[in-house]
Amino acid sequence: MANEKALTTHAESFSEWYNEVVLRAELADYSPVRGCMVIRPYGFRLWELMRDRLDLRFRETGHQNAYFPLFIPQSFLAREAQHVEGFAKEAAIVTHTRLMSVGEGENATLVPDPASKLEEPLIVRPTSETIIYEMFSKWVQSYRDLPLLYNQWANVVRWEMRTRLFLRTTEFLWQEGHTAHVSEAEAEEETLRMLGVYREFMEGWLAMPVVTGRKSESEKFAGALRTYTCEAMMQDNKALQNGTSHNLGQNFAKQFALKFASEAGTEEYAWNTSWGVSTRMVGGLVMTHGDDKGLVLPPKIAPIQVVIVPIFRKPQEGVEVLSKAQELSAALAAAGVRAHVDARDNLTPGAKYYEWELKGVPLRLEVGPKDIAKQQVVLVSRVQAEGEERKQFLPEAEALATMGRRLDDYQALLLERARARRDANTYRGVDSYDRFREILDGAGGFVYTGWCGSAECEAKVKDDVKATLRCLPFEEFRSPEAPATCIVCGQPSTAEAIWAKAY
RNA sequence: CGGGGCGUAGCGUAGCCCGGUAGCGCGCCUGCUUUGGGAGCAGGAGGUCCCCGGUUCGAAUCCGGGCGCCCCGACCA
């Protein structure tokens, strides 16, 4: 309603389209702090719904929530060598604890009080492995104390050079799971279990198909033994790393003295895992399903699943129509459907349609005097399945009784569409480097090839086409016939790899 | 940090080249009429023209310097 200018289309500029949708749908806004965004109520509700579902799944898989400090002593970060290297260049550092005024009148300003300088700087957490494993080491003595299965919902800060709403912000919200186990096998099992929880959530709730697999050495988490990932394809054919799960081995346990007495009586270092998903998923959701009219939300995660728009001419009709709308809304709510009556009287129905379409509400019910007379409602779906009528005139009782099923169908339709799009932009059996470059320099997509395992070949691809090795896919995603040679150097392939340009 | 673009009312913009009362659309407020795809009419409110300095009788406009934002790269969830 605030802006009648047409959205920039996907075809004109995908990134401008993305920004406009996020802003106009009121998911988020730029803040006075560079690189930081404000998540507005509609966007935050999306995050809350994601959080609720994941939190339930974490609990069901045996995890407990806890909370660790925002600040990490600088020395902690320094202990694990790769970890430092990974995060040192994007740290927010607290060095003082007081401000003081200097100057007079117009020139007066605040500066850090030198007397308040901290002996050891504190780092605003970019991730919490160090401080969590430091605490774990206090709590674990025996194998009987393991496993520790923790999760925290938190904000973290990474001072990125270039930010984008939801996809990469200086501060972002996430969850980070941290666990400690008696054996590598148990840690590996946990790492893969949580990757599975992510995948099931992304596909089942976000309707976002993902490829799962292992990261290469150069792409893995700083300090991990192995990193596993869920990679999704956005509508511009770029990859979005949507969630990762790390087997940290004993790297952190050794630096933070996370030891225990084993059943055999020997002293052992624990095996850790960590795994996380962030508000980036909101951006992924936008770029997976959105179209030139705006957001398209999967019902399971839509703050409003059904919006009811009352239509009337005369005031006495209004009373009747509004009460019918409320009645429908209550009946839907009782059936577990998130319904909303748009009772605003300063907007015409048409204006409301545009707004709710922009905001991605899956289904819309229109109710007017004619409908009440016929005991019917008008149902309009934000996106149509093949051959489906845009507007359907349904008996009221039928509409109510079938709404849950319709939402499920809609959810399934979005997943199916996204999967079909991904598959259509997936390339296998590419065996010449020229063809490989042609695809990645052109329309883009996921390209499956052989890979010799060398970082040099990865670096060359990055240099040549700015694409990265997204993952070494798990078996179910691999090509029926394993590629024999590395796409870059032609040496024998050691693993099939997926390449793509990424966010 | 390199390349490009842009800062004028809540939003989108015109005016800038060629200095002279800051304009338009949307939104907002009031009233009446309206409401099945972005309502109409009438009245009204709302501006440090990004900031600092310079030139000038006079600067949104010209000159110098700064800051901010967006896009494309390098870095990353």
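Because only heavy atoms are used, hydrogens play no part in the values below, and waters and symmetry mates are left out as well, while side chains stay in. All values reported here derive from a predicted model rather than from experimental measurement. Numbered from 1 within each chain, the chains take letters A, B, ... in sequence-line order.
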B:G37 base stacked by A:Tyr353? Criteria: ring centres under 5.5 Å, plane angle under 30°.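 According to the criterion (under 5.5 Å, under 30°), no, A:Tyr353 does not stack.
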Using whole Å, what does the distance between atom [atom2] of nucleotide [N] and atom [atom1] of [X] come to?
| X | N | atom1 | atom2 | result |
| --- | --- | --- | --- | --- |
| A:Lys359 | B:G38 | NZ | C1' | 15 Å |
| A:Glu12 | B:G5 | CD | P | 20 Å |
| A:Glu16 | B:C6 | CD | C1' | 11 Å |
| A:Arg168 | B:G73 | CZ | C1' | 12 Å |
| A:Met37 | B:C70 | CE | P | 13 Å |
| A:Leu23 | B:C11 | CG | C1' | 11 Å |
| A:Arg344 | B:G38 | CZ | P | 15 Å |
| A:Glu26 | B:C11 | CD | P | 13 Å |

Tell me the partner of [N], counting only Watson-Crick (N1-N3 plus N6-O4 or O6-N4) or G-U wobble (N1-O2 and O6-N3) with both under 3.5 Å; none if nothing fits.
| N | value |
| --- | --- |
| B:G36 | none |
| B:C75 | none |
| B:U13 | B:G23 |
| B:C69 | B:G5 |
| B:C62 | B:G54 |
| B:C28 | B:G44 |

Does [X], at its [atom1] atom, have more than 12 non-hydrogen atoms belonging to other residues, nucleotides or ligands within less than 6.0 Å?
| X | atom1 | value |
| --- | --- | --- |
| A:Gln316 | CD | yes |
| A:Trp159 | CH2 | no |
| A:Glu85 | CD | no |

Are A:Arg79 and A:Phe76 in a cation-pi setup, meaning NZ or CZ lies under 6.0 angstrom from the ring centre and within 45 degrees of the ring axis?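 Verdict for A:Phe76: a cation-pi partner in A:Arg79.
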Roughly how far apart, to the nearest Å, are [N] and [M] at atom [atom1]?
| N | M | atom1 | answer |
| --- | --- | --- | --- |
| B:A22 | B:U61 | C1' | 12 Å |
| B:A9 | B:C26 | C1' | 12 Å |
| B:C41 | B:G46 | P | 23 Å |
| B:C75 | B:G2 | C1' | 14 Å |
| B:G23 | B:G31 | C1' | 27 Å |
| B:G73 | B:C63 | C1' | 33 Å |
| B:C49 | B:G20 | P | 16 Å |
| B:C52 | B:A59 | C1' | 15 Å |

N/O (side chain, [X]) to phosphate O (OP1/OP2, [N]) under 4.0 Å:
| X | N | answer |
| --- | --- | --- |
| A:Asn19 | B:C70 | no |
| A:Asn346 | B:U35 | no |
| A:Ser15 | B:C72 | yes |
| A:Arg313 | B:U35 | yes |
| A:Arg164 | B:C71 | yes |

Under the side-chain hydrogen bond (donor to acceptor under 3.5 Å, both in side chains) definition, can you give me all pairs with a residue in residues 367-386 of chain A, not counting sequence neighbours?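 Counting only pairs at least two positions apart or across chains, the side-chain hydrogen bond (donor to acceptor under 3.5 Å, both in side chains) contacts touching residues 367-386 of chain A are A:Asp291-A:Arg382, A:Asp371-A:Gln376.
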Just to be sure I understand the rule, does [X] reach a base, reach only the sugar-phosphate, or reach nothing, if contact means heavy atoms closer than 4.0 Å?
| X | answer |
| --- | --- |
| A:Glu357 | base |
| A:Tyr30 | sugar-phosphate |
| A:Val156 | nothing |
| A:Gln241 | sugar-phosphate |
| A:Pro126 | nothing |
| A:Lys370 | base |
| A:Thr169 | base |
| A:Leu167 | base |

Reading RNA chain B from 5' onward, which residue's closest nucleotide shows up sooner: A:Ser278 or A:Gln376?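 Its nearest nucleotide being more 5', the pick is A:Gln376.
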Comparing A:Val377 and A:Gly86 on RNA chain B - which has the more 5′ nearest nucleotide: A:Val377
Is the distance between the ring centroids of A:Tyr133 and A:His178 under 6.0 Å?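 Between A:His178 and A:Tyr133, the centre distance is under 6.0 Å.
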By nearest atom, which of the nucleotides B:G36, B:C75, B:G73 is closest to the A:Arg162 side chain?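 From the listed options, B:G73 comes nearest.
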Which nucleotide, B:G36, B:C75, B:G37, lies nearest any side-chain atom of A:Lys462?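 Between B:G36, B:C75, B:G37, the one nearest the side chain of A:Lys462 would be B:C75.
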Would A:Asp55 and A:Trp153 count as having a side-chain donor-acceptor pair, cut-off 3.5 Å? yes
Do A:Trp275 and A:Thr273 have side-chain N/O donor and acceptor atoms under 3.5 Å apart?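 Distance-only check passes for A:Trp275 and A:Thr273.
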